[in-house]
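Treat the numbers as computed from the prediction; the structure is a model and nothing was measured.
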Amino acid sequence: MNELDELYKQVILDHNKSPRNFGILNVYTHHAEGHNPLCGDEIDLTVQVENNVIKEVKFEGAGCAISKASASIMTTLIKGKTIEEAKILVDEFREIVTRDPDDEIDTLNLGKLAVFCGVREFPARVKCASLAWHTLNNALDSAENKVKIEKK
Amino acid sequence: MDKLIFEITEQKKFDINLIRKDFPILFRSVHGKPLVYFDNAATTQKPQSVIDTLKNFYTHLNSNIHRGVHYLSDAATSEYECARKIVQNYINAKSTEEIIYTRGTTESINLVASSYGRKFLNAGDEILVSYMEHHANIIPWQQLCEERGCILKVIPIEDNGELMLSELDNLLTSKTKLVSLVHISNSLGTINPIKKIIDKVHSVGSKILIDAAQSIQHFPIDVQALDCDFLAFSGHKIYGPTGIGVLYGKKEMLDSMPPYQTGGDMIRTVSFEKTTFNDLPWKFEAGTPNIAGAIGLGVAVRYIQTLGLEQIAKQENSLLNYATESLKQFSEIQIIGTSTNKASVVSFVIDNIHPHDVGTLLDRDGIAIRTGHHCTQPVMRRFGVPATSRVSFAFYNTKEEIDVFTNSLKKVLMMFR
């Protein structure tokens with residue numbers, strides 16, 4: 001197991017055990033639910049946006065370690081970001097997890113997103129890691145509150 | 001004439017090392033580890049004889065069947081029909097007219113729903129399935145109910161994964177027109193007492209289809225002794241190729257049913273005014289079928305006949321017991337489906353570890369298991385779990401492989417501790 005694998009393992013297990021920003025916001029401006037019917041993973045995401053900046057975000061749901069850790073890490077990354085910045089992160093995330101595993105990725109420039117490079121090693125699990133990010137995208141796009149969106 | 005299907009000369013002695021040599025894939029590695037294949041309920045591996053048959057068909061015998069007078073077409077037809085005869089004997093059907101080739105269990109069930117269902121089922125009629133059905137034995141009936149106004153009823157299951165037979169008596173009424181029931185549950189491993197149920201179903205005048213996808217490879221099945229009206233199974237779960245399956249139907253049932261699909265091979269005469277249909281079984285086999293697949297299925301059945309179902313059952317039972325005992329040593333593991341009457345399928349959940357994480361980590365050790373809902377979401381809901389991990393054994397698996405699996409599982413538990 002190389003160092004990246006090891007890091008990946010540690011980070012995923014840590015966030016799985018103690019997920020950050022877990023729960024539901026009492027007050028929120030954006031909301032979406034995500035569901036991966038293949039494995040039954042579910043996520044409920046609430047976001048509080050003020051002056052175009054993500055002030056608060058929480059997620060709740062049941063799922064595998066990869067989906068849970070991905071959601072947890074995502075919440076820590078987007079807090080304090082503008083909607084546009086968060087959307088750029090969503091795109092970068094997608095780019096990372098879908099790139100060919102043999103491609104060299106310069107992890108230095110990726111910051112905290114680097115941990116998701118490891119997901120490429122498990123093609124069958126990319127959907128698990130992506131669930132929270134798809135749901136975030138839907139939440140940010142939702143004009144109305146409490147829009148129920150089912151995502152494959 | 002060229003023969004692809006071999007004759008059985010003698011029963012093979014059950015020597016596990018020799019038997020494993022018949023399955024070339026068992027000698028490959030995955031992620032640098034020897035493959036441990038425990039996903040046999042999803043699909044079984046293929047013996048060399050089946051692999052060779054496919055290659056030899058396309059190399060030496062490829063041509064279309066039931067057409068033309070040339071040598072190759074004749075030889076291919078003869079092998080295709082020889083395989084049908086083998087299947088007929090294997091399940092003790094009265095004649096080859098009762099053996100319809102399909103793409104698999106799913107298509108076999110769809111054929112009955114579409115042809116028999118549309119002709120004979122009417123508004124208010126009841127169709128009965130069970131909670132442990134594969135989605136393929138739920139959705140065709142749901143669709144039919146929507147179209148014809150029939151009512152779908154469901155036999156519940158006990159906490160140990162057995163059918164609630166006491167409820168069956170309440171559910172079976174004069175309104176019941178068709179029961180479609182799985183013989184062995186793919187997610188729980190439960191073996192249902194189908195003979196008893198078939199007799200009960202007939203006593204209220206209903207017909208019954210048996211989904212034998214998970215049983216045909218484990219037990220001798222005698223459709224005449226069972227007296228089921230239909231029986232469906234897939235070739236790929238009985239060591240044959242994918243894309244070929246069988247629907248058995250009693251001749252009088254099949255005779256009364258309209259064609260399922262129309263086109264070539266299923267006709268007698270065609271004019272723009274009127275078409276007359278071919279005899280059974282070809283009435284239900286429209287278009288050029290999976291010829292190589294059918295012949296491969298014949299060879300697969302011959303292969304297991306040379307081993308003998310008794311020896312197969314003995315080996316698989318011992319693997320089931322060993323795996324069950326091995327899993328019981330972990331307090332954090334719960335087995336889902338604990339009937340005393342089970343096939344070699346063990347579904348389990350682990351406290352606080354999602355099955356997909358288990359599956360991914362075992363895969364890194366070369367161990368192939370199934371994780372998810374196994375196309376049986378009602379069963380998952382019944383037991384209050386989103387998914388399970390499932391190991392399913394074939395006769396070529398060994399206790400040593402179960403030890404490799406158990407050790408890998410220990411590492412998973414350690415990692416999440």
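Of the two parts of A:Ile66, the backbone and the side chain both hold a non-hydrogen atom closer than 4.5 Å to a non-hydrogen atom of chain B. Interface remark: B:Met380 contributes no atoms to any contact with chain A (heavy atom separation under 4.5 Å). Heavy atoms of A:Lys17 lying under 4.5 Å from chain B belong exclusively to its side chain.
Rounding to the nearest 0.5 angstrom, the gap separating the NE2 atom in B:His354 from the OG atom in A:Ser67 is 7.0 Å.
Other residues, nucleotides and ligands contribute only 12 or fewer heavy atoms inside 6.0 Å of the NZ atom of B:Lys153. Heavy-atom contacts from other residues, nucleotides or ligands closer than 6.0 Å to OH of B:Tyr131 number 12 or fewer. Residue B:Arg20 qualifies as enclosed at atom CZ: its count of foreign heavy atoms under 6.0 Å is above 12. Annotation: B:Asn160, atom CG; neighbour count of heavy atoms from other residues, nucleotides and ligands within 6.0 Å is above 12. For A:Lys55, the NZ atom is loosely surrounded, since the number of other residues' heavy atoms within 6.0 Å does not exceed 12.
Chain A forms more heavy-atom pairs under 4.5 Å with one residue of B:Thr360, B:Asp357, B:Thr371 than with any other, namely B:Asp357.
Contact annotation: the side chain of B:Phe416 approaches that of A:Asn16 to within less than 4.5 Å [non-hydrogen atoms, C-beta and beyond].
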